[in-house]
Number of protein chains: 2
Amino acid sequence: MGLQTGKKPRQRAPSKRALKTRETILDAAEYLFSERSFDGASIRDIAARAEVPVGLVSHHGGSKETLFFTVIARRADELARLRAEALETCLASGQPDLRRVIACFVLPFLHQTHHGQPQWRAYGRLIAIVSADERWREITQACFDPTANIFLDQIARILPDASRGAIGSSFVFMVSSMLAICASSWRIEALSAHQDIETLEEHLLDFCEAGFAANLGRMARGV
Amino acid sequence: MGLQTGKKPRQRAPSKRALKTRETILDAAEYLFSERSFDGASIRDIAARAEVPVGLVSHHGGSKETLFFTVIARRADELARLRAEALETCLASGQPDLRRVIACFVLPFLHQTHHGQPQWRAYGRLIAIVSADERWREITQACFDPTANIFLDQIARILPDASRGAIGSSFVFMVSSMLAICASSWRIEALSAHQDIETLEEHLLDFCEAGFAANLGRMARGV
DNA sequence: GTCTATAATGAGATAGAC
DNA sequence: GTCTATCTCATTATAGAC
């Protein structure tokens, strides 16, 4: 695929207008990719939504694949920062327990997708699509595995008896459940009832904390 | 979308050869849809993989959307039957607990996708794609919600104190985690290590049983 | 039922004027 | 940087011979 963002060094700084155009295009691409997946969203649809001529999409985004990667990487960087900050604060405030570490991973994502800019909502659905499709493995590894490994190490420190396999599979179960809140809220509603995001957050934390603890061989709450 | 399978009533029974052709096409479609999602798999790719002329795909499968629906419905019927049988056996053998009811839902799926015909593997990945994409909501509701509601009711009977919302969200978390074993095994391996399916099944059951119990307000193990 | 050929459309990418 | 026009190719669907 070629994930290198490395185009040739820029001649001069882009104008404000150019930057704005670029963001508009990325926003449109993000929305349409999240609604119709990679192949279902055409460059022309994206241009139409961004209200720019088709040529500009290629100009700012490069090939469709690099555009896709750029869209995902854009907010992944911010997300990684938010999670790292939350974890740092948590660690600084004394003894971290499992629930708090988990919360540092899932809450920044859920807060951004539900209380951040409207565009974050689309981003959440997009990540769910990417995570369920091995075609985008390279993107997942580049954008999300570094942060994931930090949290895996942290959990392993809290629960040194757990096998790496148990931690890894529990972690992926947690990520899938978290993403379901974005991508499958319609199904939760269809099977039960509408619930506000705070309630869902609590259900998710309860579910994952207990699930982790069960898989890690000893109770972790209150350690 | 139009989910009606109702074409005009058949004039005469199709020949054995025609049925075989049809299955070959559905198998090819199943595989390619699971690898590249709906828009990424073309009718021509499907015809090439099935080694039939392009025209035959439309002839047997109808439009691309009805072909997609047919592919998913085909094994959904069998899956629903396997789950219903497992549940029936479980209920007949005395007091059902939470873990056994959960197992009746997830194990038929995991057994088919990992020990059934090779095609079931593709089907598992395909369902994961469908579940993360609201475009296919209609398919999910037609193919999987009836069975889901049977299990939701069963869980509600075992744990009458739980709110429908807590049960519904826990159920969707469980489904997402189950599907992750099919669609995101590469990620589990990348973050930890390869684990055989029996180990993953146990991790999943432990994770979900504890997660459900935590969300349902009282311990369910051993009820 | 099977297969070929083709119609009609839309795709991604880019050259070149402004 | 912006925008238009166009090149080239692949797509779904179907008409009609066998």
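In the text below, chain A, chain B and the rest are named by the order of the sequence lines, each starting its count at 1.
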Whether the A:Glu201 and A:His114 side chains hold a donor-acceptor pair (N or O, under 3.5 Å, no angle test) is what I'd like checked.
no
Distance check needed: C:dT9 C1' versus A:Asp45 CG, whole Å only.
14 Å
When A:Arg44 and A:Val52 are each assigned the nearest nucleotide of DNA chain D, the 5'-most assignment goes to A:Val52
B:Ser42 side chain N/O closer than 4.0 Å to the phosphate oxygens (OP1, OP2) of D:dA10?
no
Take the angle between the ring planes of B:His111 and B:His115 and call it parallel below 30°, perpendicular above 60°, tilted in between.
tilted
Roughly how many Å is it from CG in B:Leu56 to P in C:dA5, rounded to a whole number?
15 Å
Residue whose closest nucleotide on DNA chain C lies nearer the 5' end, B:Ala18 versus B:Val54:
B:Ala18
Salt-bridge contact A:Arg137-A:Glu134 (side-chain N to carboxylate O under 4.0 Å):
yes
N/O donor-acceptor pair, side chain A:Arg17 with base D:dG1, under 3.5 angstrom:
no
Provide, to the nearest angstrom, the distance between the NZ atom belonging to A:Lys64 and the P atom belonging to D:dA10.
15 Å
Rounded distance in Å - NE2 (A:His60) to C1' (C:dA13):
16 Å
Euclidean distance, atom CZ of residue A:Arg36 to atom P of C:dA11 [Å, nearest integer]:
9 Å
Short side-chain donor-acceptor distance under 3.5 Å, B:Thr24 and B:Asp27:
no
OP1 or OP2 of C:dG12 under 4.0 Å from side-chain N/O of A:Ser63:
no
Separation of B:His59 atom NE2 from C:dT2 atom C1', in whole Å?
8 Å
What orientation do A:Phe33 and A:Phe38 show, parallel under 30°, tilted 30 to 60°, or perpendicular over 60°?
parallel
Roughly, in whole Å, what's the span from CD in A:Glu51 to C1' in D:dT4?
18 Å
Report yes or no: is the cationic atom of B:Arg83 (NZ for Lys, CZ for Arg) closer than 6.0 Å to the six-membered ring centre of B:Phe151, at no more than 45° off its axis?
no
Quick one: do B:Arg125 and A:Asp133 make a salt bridge, cutoff under 4.0 Å?
no
Take the C1' atoms of the five end pairs on each side of the helix from C:dG1-D:dC18 to C:dC18-D:dG1, derive the two axes, and give their angle rounded to 10 degrees.
0°
When the distance from CD1 of A:Ile46 to P of C:dG12 is rounded to whole Å, what number comes out?
8 Å
